[in-house]
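The structure appears right after this line, and notes come after that.
Numbers restart at 1 for each chain; the letters A, B, ... are given by sequence-line order, proteins then strands.
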Amino acid sequence: MITVQQVVFALFAVLTLGGAIGVVAARKLFHAALWMVLAFFGVAGLYLLLEAPFFAALQLFIYIGGIAVLTVMAIMVTRGIMKPKEPVFTYAIGAAGTALAFLVMLGLFIFKTPVWDVAAPTGEVDPNGLRALGQALVSPSAYLLPFEVASVLLLAVLVGALFIAREKE
Amino acid sequence: MSQYALIGVYLIIALIFGVAPPLLAWFLSPKKPNPYKGEVYESGIKTFGPTWIRFKPQYYLFALAFLVFDVEAALLLPWAVAYLWLPLYAVIEAVIFILILVFGLVYVWRRGWLTWM
Amino acid sequence: MVPLSWYLLLAAALFAIGLYAVMARRNLIGMLMGLELMLNAINLNLIAFWRYLSPATVRFRVLAIIVLVVAAGEAAVGLALIVAVFRLRETENVDELNLLRW
Amino acid sequence: MNVWQFLADFFVNVGAWMGELLSGWGLSPFWVSLIVKVVGGLALAIGPLTAVLFLIWYARKVIGRIQDRMGPTNDGTAAGPFALLQAVADAIKMLTKEFVFPKERDRVVFLIAPVLAVAVAVAVWAVIPFGPQGMQFVDLNIGVFYVVALASLAFFAMLMAGWSSHNKYANLGAFRAVSMIVSYEIPQMLALLVPVMLAGSMGMQGLVRAQEVPFIVMVPVPALIYFLAMTAEVGRLPFEQAEADAEIVAGYFVEYSGMLFGAFYLAEFINNLSASFVFTVLFLGGWRGPWVEQAPVLGLVWISLKAFLVFTLLTFFWGAMPRLRIDHILGFSWKFLTPLALVMLVVVALVDKAVQAAGLTSPWGRAGWLFLANAAVALVTVALLYRAERRQQAAREARRFAIVR
């Protein structure tokens with residue numbers, strides 16, 4: 001019996017994988033970036049299906065609104081967008097072999113481990129999960145250190161990226 | 001029905017509203033293409049030079065800085081939701097978090113990397 | 001019901017495609033896009049673990065957030081480097097970036 | 001139930017009535033709720049579209065008056081009294097105009113862009129609360145974040161439109177618009193954190209319920225920052241770099257014609273309207289107003305009135321402001337709004353904790369202290385700006401002097 005959830009899962013899975021394949025196969029870089037946005041969107045849908053709306057919105061906000069936009073701008077800045085053709089698949093066979101081997105290995109691992117054939121716990125997810133997350137991020141007994149380190153990392157990224165990319169006189 | 005399913009339903013409705021007007025216009029509008037209509041529009045001047053110009057990386061610096069602060073704001077969101085239930089020291093930790101990035105902003109500003117050239 | 005293994009398999013496939021992009025794409029920005037796909041696969045796994053294995057804890061979600069931060073940082077620095085390299089060499093094809101110094 | 005009771009909670013009652021009718025036909029509860037919700041969603045989505053027809057007329061009239069013109073009139077036309085039907089006529093014209101496609105466009109991307117723009121603009125309305133209960137399509141617990149996250153997709157509508165048109169002005173317009181909007185998203189997000197902090201929730205209903213004192217009184221400075229950033233986000237003057245018709249023709253949608261152009265125009269107006277609504281929810285108390293508890297339907301009236309005022313303010317900006325130069329716009333965001341928003345975040349967080357520690361739990365007491373803190377920051381900011389201006393003026397004088405000598 002196919003449930004609605006399975007159909008929705010399949011839909012978003014197709015979006016995600018289709019987008020990902022588009023990233024690999026598109027000849028124009030701009031199209032690859034658009035396919036990447038589609039893949040990100042599919043993953044956001046999967047997050048909604050997993051009842052994690054905050055992460056779905058984060059996915060839209062940071063991956064699509066931040067990283068993908070930056071990528072597109074980088075494409076516009078670097079190539080005068082349009083040398084459309086480029087040798088995309090120089091090492092295609094070796095790469096495909098490696099990726100496929102990796103996938104088969106992971107797939108076998110997943111199927112051979114019955115632990116992971118579980119269904120989700122029933123019942124609503126804690127509606128105050130976000131508050132718990134916020135509290136955990138700043139409580140010293142939990143995840144304060146990663147939180148502050150993230151800030152230092154962002155500082156390094158800010159200074160470093162602008163230092164590298166700035167117009168040198 | 002869960003609220004996530006509802007959001008999905010509404011997004012489909014929104015998509016329909018996005019598709020409908022152009023589709024309607026497609027049926028209503030005349031179709032008389034000719035080669036001159038398809039020319040690049042540049043206020044009537046004949047186009048010159050390559051269309052796909054390369055942009056100055058100047059805009060790009062702002063986008064880089066944007067990404068960093070974007071992530072910062074997103075990281076602060078759960079904290080902001082939890083704020084009313086947090087003790088004072090937890091708030092001060094978040095203030096330290098913010099101040100580290102303020103330092104970055106001031107540094108970048110002082111070095112003049114946010115100045116248009 | 002959707003079992004956890006479906007999500008894991010999907011994430012594995014996404015990761016493999018990203019890996020392929022990193023290895024086969026000759027363009028630096030294309031490679032970076034592949035990396036982003038791989039990081040997405042990781043996050044998908046983490047959120048699925050959270051939902052199926054321990055919905056009451058924050059562990060997996062904190063990890064997912066940290067992965068997000070690292071992904072953003074990597075994208076920013078990576079793209080800045082690409083822009084800088086392009087300015088020097090007028091190319092972003094890795095096969096043409098074969099000088100140790102210039 | 002008499003007529004007045006029915007009218008007092010009109011939308012909820014209509015929904016309930018429809019549900020009963022449908023179950024009377026023997027449908028299962030799942031389908032009943034689905035159909036009721038779909039009908040509600042359609043009604044909700046039609047709302048902004050029809051409102052926009054009126055608002056276009058209104059904005060044109062207001063701007064006409066500001067610029068000492070008449071605006072649209074019915075002189076010799078069939079546009080109805082006060083040319084009220086002008087926008088309808090425009091819509092009909094748009095619908096019957098030919099699509100002119102640029103020769104070397106990127107077909108699919110070219111068509112997706114306007115559809116995406118409208119869909120994103122409409123999608124925002126799902127979370128806007130028009131009343132206390134049941135008058136909101138879905139009360140997501142991430143409410144405002146959903147709105148901001150959707151805006152990310154709008155960036156892509158612009159980039160796709162600009163890129164696919166194969167026109168350098170469209171490209172440049174998209175690039176500029178995105179770098180500007182992206183810059184203003186930072187102060188917007190940071191200012192938005194303040195109401196979220198004070199309400200302890202990102203859900204739209206939670207935000208409204210927390211505003212016994214409207215947040216614009218409690219935290220006027222973040223409200224101002226949010227308003228300015230929002231003006232830039234919707235591309236209104238003085239932050240109108242996206243279109244800049246004097247420099248880059250019309251920005252990213254130069255090559256669009258007919259209803260495809262109309263779609264961008266529509267999306268822009270819907271964005272203006274929904275931004276006004278979101279501002280109302282965040283800072284002006286949303287549907288709060290007298291007698292809402294007795295007659296929830298009044299919530300719709302109050303929130304619409306407040307949002308209409310915000311929209312009018314945006315229109316005044318549009319009519320009265322000159323366009324700023326792109327470097328000034330970016331500088332204003334990065335060197336003024338963002339630092340100020342960060343400072344405000346810190347100040348509000350600390351002051352509110354101090355107030356909490358001092359045991360002031362009455363909403364007006366808390367609001368008073370927060371207001372004082374805001375006023376202090378505003379004063380310091382003005383003083384700093386004044387000093388900077390004086391110093392710059394002195395430098396300019398010195399330079400002029402040097403030239404004369």
Side-chain angles (χ1 to χ4, degrees), chain A residues 3-4 22 26-38 40-41 44 47-48 51-77 79-82 84 124-135 138 151 154 158 162, chain D residues 30 34 104 106-109 112-113 116 120 123 127 138-160 162-164 166 168 170-172 174-179 181-183 185-186 188-189 192-193 196-197 199-203 206 233 334 349:
Chain A
T3 63
V4 179
R27 306 221 84 182
K28 289 184 183 169
L29 261 188
F30 187 84
H31 285 174
L34 291 183
W35 285 114
M36 183 174 74
V37 170
L38 189 68
F40 288 166
F41 191 79
Y47 287 164
L48 269 191
E51 300 181 45
F54 179 64
F55 282 88
L58 266 188
Q59 176 83 6
L60 290 186
F61 187 63
I62 292 184
Y63 272 106
I64 296 184
I67 294 176
V69 165
L70 203 64
T71 309
V72 169
M73 289 177 103
I75 294 169
M76 287 172 142
V77 166
R79 36 198 17 238
I81 320 173
M82 303 356 328
E124 286 276 305
V125 177
D126 177 18
N128 286 328
L130 202 54
R131 191 198 301 168
L133 185 61
Q135 280 165 333
V138 281
S151 149
L154 287 176
L158 177 66
L162 262 65
Chain D
F30 171 79
L34 183 68
E104 294 177 68
D106 190 323
R107 282 158 204 282
V108 182
V109 181
I112 291 176
L116 187 64
V120 167
V127 293
V138 45
D139 187 20
L140 275 185
N141 63 349
I142 53 157
V144 278
F145 195 31
Y146 167 81
V147 174
V148 178
L150 270 183
S152 315
L153 286 173
F155 298 164
F156 265 88
M158 289 176 192
L159 284 172
M160 284 160 81
W163 186 79
S164 65
H166 203 271
K168 44 186 128 147
N171 247 319
L172 188 58
F175 206 63
R176 269 192 186 189
V178 169
S179 57
I181 291 179
V182 140
S183 289
E185 200 175 283
I186 301 304
Q188 191 193 17
M189 264 309 273
L192 184 143
L193 284 173
V196 171
M197 243 163 61
S201 159
M202 282 198 281
E233 289 277 305
W334 285 107

Legend entry - Nearest atoms (heavy-atom pairs only) where Phe30(A) meets Met160(D): CZ-CA, 4.2 Å
Legend entry - Minimum heavy-atom distance Phe61(A)-Ser152(D), with the two atoms named: CA-OG, 3.6 Å
If you round to the nearest 0.5 Å, how far is [atom2] of [Y] from [atom1] of [X]?
X: Leu130(A); Y: Ile142(D); atom1: CG; atom2: CD1; answer: 8.5 Å
X: Trp163(D); Y: Leu34(A); atom1: CH2; atom2: CG; answer: 7.5 Å
X: Phe156(D); Y: Phe40(A); atom1: CZ; atom2: CZ; answer: 9.0 Å

Inset, instruction - Test side chain to side chain contact (heavy atoms under 4.5 Å, CB included) on Val182(D) and Met73(A) and set out the steps. - result: CA-CA 12 Å; Val182(D) 140; Met73(A) 289 177 103; 5.9 Å; no
Atom group of [X] that falls short of 4.5 Å from chain D, counting heavy atoms:
X: Phe41(A); answer: side chain
X: Ala68(A); answer: both
X: Val69(A); answer: both

Contacting moiety of [X], where chain A heavy atoms sit under 4.5 Å:
X: Ser201(D); value: neither
X: Met189(D); value: side chain
X: Val108(D); value: neither

Inset, instruction - Take Phe145(D) and Leu58(A), measure what side chain to side chain contact (heavy atoms under 4.5 Å, CB included) needs, and give me the verdict at the end. - result: CA-CA 8 Å; Phe145(D) 195 31; Leu58(A) 266 188; 3.8 Å; yes
